[in-house]
Structure formats: C-alpha cells, structure tokens
J.: 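My questions will all concern the structure given below.
Scope of the values below: all heavy atoms of this structure, side chains included, with no hydrogens, waters or symmetry mates.
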Amino acid sequence: MTTHPLLTELTLRARTEAHSREQSACPCGATTLADRPDATVVRHADTVAKAHAPDTAPADLTPRLAAAAHLPGILLPPVGRTPVDLHGRLVTFWPYGEPVDPENPDAAPWEAAATLLARLHRTPAPPGLPLMRGPVKAALAVARLLATTRQRHAVPVLRAWRTLPAWARAETPMSDTTTLCHGDLHLGQLVRHPAPDGPWHLIDVDDLGVGEPAWDLARPAAWYACGLLSPDDWSRFLGAYRAAGGPAVPADGDPWPALDVAARAVTVQTAARAIVKAAEADRALDDVEQAVVDACDRMGSAPPQLAGGFAK
C-alpha cells in the first residue's frame, strides 16, 4: 500500500495522542486499520485516529460525537468532542476496542448487538442530531452502480431499487425523524472496550442520527433472507432485540411487515457495492455477491409491501 501524506500525518497524530494518555511505557508501533477513500483509520497502542470522508461536515459530525460521549454504555465514547482538520479531512480520536473475530463466526455477538440497538432506539435523541444516513448511503451505492459497465448484473439490482418507496431511496423524508439510530449496523461496528474482554460497544458515528429504526435491523434481516445468516442466528438477534424492548418491530408475531422495505433497500445497496467492487477488480462475482444479486432478482418480482423475506 502506498503511503500518502494523510496516512503519514494521521499516524503521527495517533502516536501523539496515545503518548499523552499512556500511564506506562508505550509499546510503540502503529497499525493501519483501514485506508479507503471514505475513511483512513490508524491505531497506536490504545488510541485510534480516524480521518472521516472528505465531504463530512463539522456541523453533522460534532453533534454525533457529542451523542457518543453522552451514551458511553452503548456507543464507544470519543477522546475529545471536537474534530481536528488534517489535510482537509476531519479527524477524530477514539480508545481502541477489540473487534469481532471474523474467523470465529460461532462467537458472533448477535445478542449483544441487538440489545445495544434496542437500548439506542429507546434513548431520546439529543437535539440537533442530523438524520440517519442509511437511505442516503443506499442511494449513493446505486449511483455508483449506474456508472459501471456491468449492466447484465445491474439490471435486477436497479429493478429491485425501483420497487422501493421513495423514503428508502432518500427521495422523500423518513416518516420517523425522532428515533435515535446507528445507521450502518453490522458486526464490524462492535468492539469490546476496554480491550480485550470488556463489554461490547457500538462504534462508527458517521451515519448516526434520527430516522427509521428498522434500518438498523435491515442488514441481519437481509442476510437471513438471502440465506447468508442461519435461522438460529437470526432468531438470536431478533429475540434479543425484542427482549430488550426494541421499538422497530412488534413485540411478537411476524416482524417482516416492519422490516421488509429496509431489508430490501440494504440488499440493493450491498449488491450494488458488490458489482462495483468486482468491476473495479475486473473479476467475476463470488458466491456471496451472486447470492445478493439473485435476491434482488427475486425482489423485483414482488412488491416490498409483501412480507416473507423477499419471496424467499
């Protein structure tokens, strides 16, 4: 990976912040956790520095940081509440948390994720918080898909996108603008803090805001509907969310009337990203990516008002 000025200086900032907080000798050494156009993340000891997407507005990020600071039992609290500017990018600092082990799917914390979501959804949203960005991100993924040349794969995805209501395509406001939502829930958004075996926390506040809480359940629901999440894991997740009083679905009975639209939208988003990623790498879709595109193909033949998991 080519080192660029942002990554170099972000590494230095992470080191400086870590040393200012260390109570004992620091085992110096920085690790790049992510280096993408929308986020560059560096770890130094117990400190993580994140450079947010270039179009991140301070007026949006600052209240999101404040919300995380006020909910330390749910969201990982930042180190400081004011982002700094670095090479034109907003940078924030965070304590390091131990992530989910991708090599041990049987230990995936589905119950913890669902319980944290339910607690988040039941917490009154602080004033001034922006809208949750889930539908906007789905629309951006579809826009990127339209710029690719893989039209054969894109057809079922775009057809499924057109079946969705306007709010799920970010064309009209969401009906719920009061519920506090994460906006991009997946297992990569959970860490144990203090590392390595502290309680689970949600991370990544870039999409945090008010909106439809069903969106936060949409990715596990979509994986289940696509056959990528086992019925047992889905039952664990849904059961824990309901047990914690989560408001996105009824307390019992069929959850799909509440989840279907958001799950379909996230499936389209996932398929669009998969096609773009494969096109950029000049490769065929893998089995998981093809399964999501196939789900979009099924979705295009059934309106989103129908329950049952994408006519599975």
J.: Do the ring planes of W234 and Y224 sit parallel (below 30°), tilted (30 to 60°) or perpendicular (above 60°)?
T.: parallel

J.: Got a second to check how far T115's OG1 is from R119's CZ, nearest 0.5 Å?
T.: 8.5 Å

J.: Between D297 and R159, does at least one N-O distance fall below 4.0 Å, as a salt bridge requires?
T.: yes

J.: Nearest heavy-atom pair of A114 and F237: which atoms, and what distance?
T.: CB-O, 3.1 Å

J.: Is there side-chain contact between H153 and E289, with heavy atoms separated by less than 4.5 Å?
T.: no

J.: Q189 side chain to D184 main-chain N or O, any donor-acceptor pair under 3.5 Å?
T.: yes

J.: Quick one: does any side-chain atom of H87 pair with a main-chain N or O of R89 as donor and acceptor, under 3.5 Å?
T.: no

J.: Please determine whether side-chain contact (heavy atoms from CB on, under 4.5 Å) holds for the pair V84 and T82, giving the CA-CA distance in whole Å, both sets of side-chain angles, and the decisive distance to 0.1 Å.
T.: CA-CA 7 Å; V84 299; T82 303; 6.0 Å; no

J.: Would you mind reporting whether V79 and T47 have side-chain heavy atoms less than 4.5 Å apart?
T.: no

J.: Work out which heavy atom in R64 is nearest to a heavy atom in P130; give both atom names and the distance.
T.: NH2-CB, 3.7 Å

J.: Quick one: do L145 and W161 satisfy side-chain contact (heavy atoms from CB on, under 4.5 Å)? Show the steps, please.
T.: CA-CA 11 Å; L145 175 63; W161 180 249; over 6 Å; no

J.: Do L208 and V136 land in one hydrophobic cluster if side-chain heavy atoms of ILVMFWY residues count as linked below 4.5 Å?
T.: no

J.: Sub-3.5 Å donor-acceptor pair from the side chain of R242 to the main-chain atoms of P250, do we have one?
T.: yes

J.: Please check: side-chain N/O of T92 versus main-chain N/O of P83, any donor-acceptor pairing under 3.5 Å?
T.: no

J.: Could you check whether any side-chain N or O of E98 sits under 3.5 Å from a backbone N or O of D197, counting only pairs where one atom can act as donor and the other as acceptor?
T.: no

J.: Give, for atom NE2 of H70 and atom CZ of R81, the distance between the pair rounded to the nearest 0.5 Å.
T.: 4.5 Å

J.: To check you understand the geometry: which heavy-atom pair defines the closest contact between A263 and A222, and what is its length?
T.: O-CB, 3.6 Å

J.: Is there a side-chain contact between V205 and L61, using heavy atoms and a 4.5 Å cut-off?
T.: yes

J.: Do V288 and W223 come close enough that some side-chain heavy atom pair is under 4.5 Å?
T.: no

J.: Between the side chains of D176 and T179, is a donor N or O closer than 3.5 angstrom to an acceptor N or O?
T.: yes

J.: Could D260 and R264 be called an ion pair, given the rule that one side-chain N must be under 4.0 Å from one carboxylate O?
T.: yes

J.: If we ignore hydrogens and angles and just use 3.5 Å, is the side chain of R219 paired with the main-chain N or O of T270 as donor and acceptor?
T.: no

J.: Quick check against the 3.5 Å criterion: does H182 have a side-chain atom that pairs as donor or acceptor with the backbone of D204?
T.: yes

J.: Going by heavy atoms in the side chains, are L75 and L120 under 4.5 Å from each other?
T.: yes

J.: Indicate if L131 and W167 have the same hydrophobic cluster label, given that clusters are the connected sets of ILVMFWY residues with side-chain heavy-atom separations under 4.5 angstrom.
T.: yes

J.: Check R236 against D233 and note the closest heavy-atom contact, atom names and distance.
T.: NH1-OD1, 2.8 Å

J.: Using side-chain heavy atoms (C-beta onward) and a distance below 4.5 Å, is W215 in contact with P135?
T.: yes

J.: Are side-chain heavy atoms of D46 and P95 found at a separation under 4.5 Å?
T.: no

J.: From I275 CD1 over to E280 CD, what is the distance, rounded to the nearest 0.5 angstrom?
T.: 12.0 Å

J.: Between A68 and P78, which heavy-atom pair has the shortest distance, and what is it?
T.: CB-CD, 3.8 Å

J.: Can a donor-acceptor pair be found, under 3.5 Å and without considering hydrogens, that links the side chain of Y241 to the backbone of L217?
T.: no

J.: Assess the residue pair L202 and L76 against the criterion (side-chain contact (heavy atoms from CB on, under 4.5 Å)); give the C-alpha distance rounded to whole Å, side-chain angles, the decisive distance to 0.1 Å, and a yes or no.
T.: CA-CA 6 Å; L202 295 171; L76 187 69; over 6 Å; no

J.: Any donor and acceptor pair, going by atom type alone, linking the side chain of R43 with main-chain N or O of A45 inside 3.5 Å?
T.: yes

J.: Any chance you could measure Q269, atom CD, to C296, atom SG, to the nearest 0.5 Å?
T.: 11.0 Å

J.: Is any NZ, NE, NH1 or NH2 atom of the basic residue among D206 and K50 found under 4.0 Å from an Asp or Glu carboxylate oxygen of the other?
T.: yes

J.: Looking at side-chain heavy atoms only, is the closest gap between K277 and R283 below 4.5 Å?
T.: yes

J.: Minimum heavy-atom separation for W256 to A225, with atom names?
T.: CH2-CB, 4.0 Å

J.: Going hydrophobic residue to hydrophobic residue with side-chain gaps under 4.5 angstrom, can you get from L146 over to L140?
T.: no

J.: Do the side chain of S235 and the main chain of P231 share a donor and acceptor less than 3.5 angstrom apart?
T.: no

J.: Using side-chain contact (heavy atoms from CB on, under 4.5 Å), reason through V157 and V268 one step at a time and then give a plain yes or no.
T.: CA-CA 6 Å; V157 179; V268 171; 3.7 Å; yes

